[in-house]
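Below, chains carry the letters A, B, ... as their sequence lines are ordered, and counting in each starts from 1. Just so you know, these numbers come straight off a predicted model, no measurement behind them.
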2 protein chains.
Amino acid sequence: MTDDDLIFKALADKTRRFLLDLLFQRDGRTLKELESGLAMTRFGVMKHLKILEDAGLVVTRRSGREKLHFLNAVPIRMIHDRWIDKYREREVEALLALKAELENKEDPS
Amino acid sequence: MTDDDLIFKALADKTRRFLLDLLFQRDGRTLKELESGLAMTRFGVMKHLKILEDAGLVVTRRSGREKLHFLNAVPIRMIHDRWIDKYREREVEALLALKAELENKEDPS
DNA sequence: AGAATAGGTGACTATATGGTCACCTGTCAA
DNA sequence: TTGACAGGTGACCATATAGTCACCTATTCT
């Protein structure tokens with residue numbers, strides 16, 4: 001299994017993306033803490049974290065009997081750079097800016 | 001299945017990523033043309049293209065009996081923005097620049 | 001019109017993946 | 001030092017996914 005295979009397979013699961021969201025909000029959480037936010041057994045969460053770690057999307061540090069989890073954004077950036085060059089980047093940003101503006105007008109919540 | 005589920009599931013397969021690579025090189029290809037670059041039957045390629053299209057990563061235009069395929073980079077950019085904020089972006093770019101520099105020194109091919 | 005060409009559908013099989021459980025290891029604190 | 005706590009492993013089952021095939025439709029060219 002190649003590196004990029006590990007990364008994209010890791011991102012293919014909703015639970016794992018949610019774990020990344022949690023770590024994006026705040027880094028350095030333990031398994032116990034991450035587990036408490038999910039409707040799943042500890043074992044399920046542990047498997048998901050292992051897959052994220054093997055892919056390099058999460059890096060960890062041990063601290064006594066705890067294991068702290070951190071988000072690593074480098075692979076995410078590499079996905080971006082694979083299919084978005086400088087030319088497409090201008091197009092895409094213009095489209096997203098337009099989209100944001102329209103949504104702001106339609107739904108000024 | 002939510003939008004982001006469709007996108008990440010679509011990206012989870014190596015063949016589909018290769019199809020995006022081909023379209024990144026050059027847009028507007030037909031199924032026949034894309035098929036010729038892969039060791040797979042037409043049906044397999046067609047299924048993959050349908051999944052990419054359902055996810056919005058590929059958009060198509062019919063032209064007579066041909067169907068032309070184009071890469072849409074907007075979902076890719078949204079993945080980036082989900083886990084990379086301005087702060088992390090600086091970190092990540094610095095790391096990738098350093099990495100590129102080191103690889104340049106080690107392997108000046 | 002009729003043959004060749006480009007694309008499309010539904011059913012099927014083998015394999016990969018998500019989730020759970022019984023059971024185990026290492027660390028902390030009274 | 002012993003009990004509670006955080007984390008870890010291997011086996012297991014149900015479901016999802018990749019790939020193929022027989023068969024079908026629409027367009028083009030002579």
> Once you round it to whole Å, what is the distance between P of dT9(C) and CG of L31(B)?
Replying inline: 12 Å
> If you look at every strand shown and take non-hydrogen atoms under 4.0 Å, does G64(A) touch a base, only sugar-phosphate, or nothing?
Replying inline: sugar-phosphate
>> Assuming nearest nucleotide by heavy-atom distance, tell me which of E33(B) and F43(A) is located more 5' along DNA chain C.
In response: E33(B)
>> With a 4.0 Å cutoff (strictly under), does any side-chain N or O of T30(A) reach OP1 or OP2 of dA6(D)?
In response: no
> Between atom NZ in K32(B) and atom P in dA26(D), what is the gap in whole Å?
Replying inline: 19 Å
>> Without decimals, in angstroms, what is the distance between L49(A) CG and dT9(D) P?
In response: 13 Å
> Taking atom C1' of dT15(D) as reference, at what distance in whole Å does atom CG of D5(B) sit?
Replying inline: 15 Å
>> Would you say K67(A) places a side-chain N or O within less than 4.0 Å of OP1 or OP2 belonging to dA6(D)?
In response: no
> Between dG18(C) atom P and K14(A) atom NZ, what is the distance in whole Å?
Replying inline: 14 Å
> Between L71(A) and L22(A), is any pair of side-chain heavy atoms under 4.5 Å apart?
Replying inline: no
>> Whether the side chain of R42(A) and the base of dG8(D) hold a donor-acceptor pair under 3.5 Å is what I'd like checked.
In response: yes
>> Is H48(B) close enough to dT17(D) that one of its side-chain N or O atoms is under 4.0 Å from OP1 or OP2 there?
In response: no
> Between R65(A) and A12(A), which has a closest nucleotide on DNA chain C that is more 5'?
Replying inline: A12(A)
> If you take atom types as modelled and just measure distance, does the side chain of K47(B) reach the base of dG19(D) with a donor-acceptor pair under 3.5 Å?
Replying inline: yes
> Is the base of dG7(D) touched by the side chain of R62(A) through a donor-acceptor pair closer than 3.5 angstrom?
Replying inline: no
>> side chain to side chain contact (heavy atoms under 4.5 Å, CB included), that's the test. Do H69(B) and K67(B) meet it? Break it down for me.
In response: CA-CA 7 Å; H69(B) 298 78; K67(B) 188 174 178 182; 4.2 Å; yes
> For the pair made of CE in M40(B) and C1' in dT17(D), what is the distance, rounded to whole Å?
Replying inline: 13 Å
> Atom CD1 of I51(A) and atom P of dT9(D): how far apart are they, to the nearest Å?
Replying inline: 13 Å
> Can you find a side chain N or O atom of T41(B) that sits less than 4.0 Å from OP1 or OP2 on dG19(D)?
Replying inline: no
> Between R62(B) and E66(B), is there a salt bridge with N-O shorter than 4.0 Å?
Replying inline: no
>> I need the L11(B) CG to L52(B) CG distance, nearest 0.5 Å.
In response: 7.5 Å
> Rounded to whole angstroms, how far apart are CE on M46(B) and P on dT5(C)?
Replying inline: 17 Å
>> Between the side chains of D21(B) and R17(B), is the shortest nitrogen-to-carboxylate-oxygen separation below 4.0 Å, so that they form an ion pair?
In response: no
> So, is R16(B) near the phosphate of dA18(D), with a side-chain N or O under 4.0 Å from OP1 or OP2?
Replying inline: yes
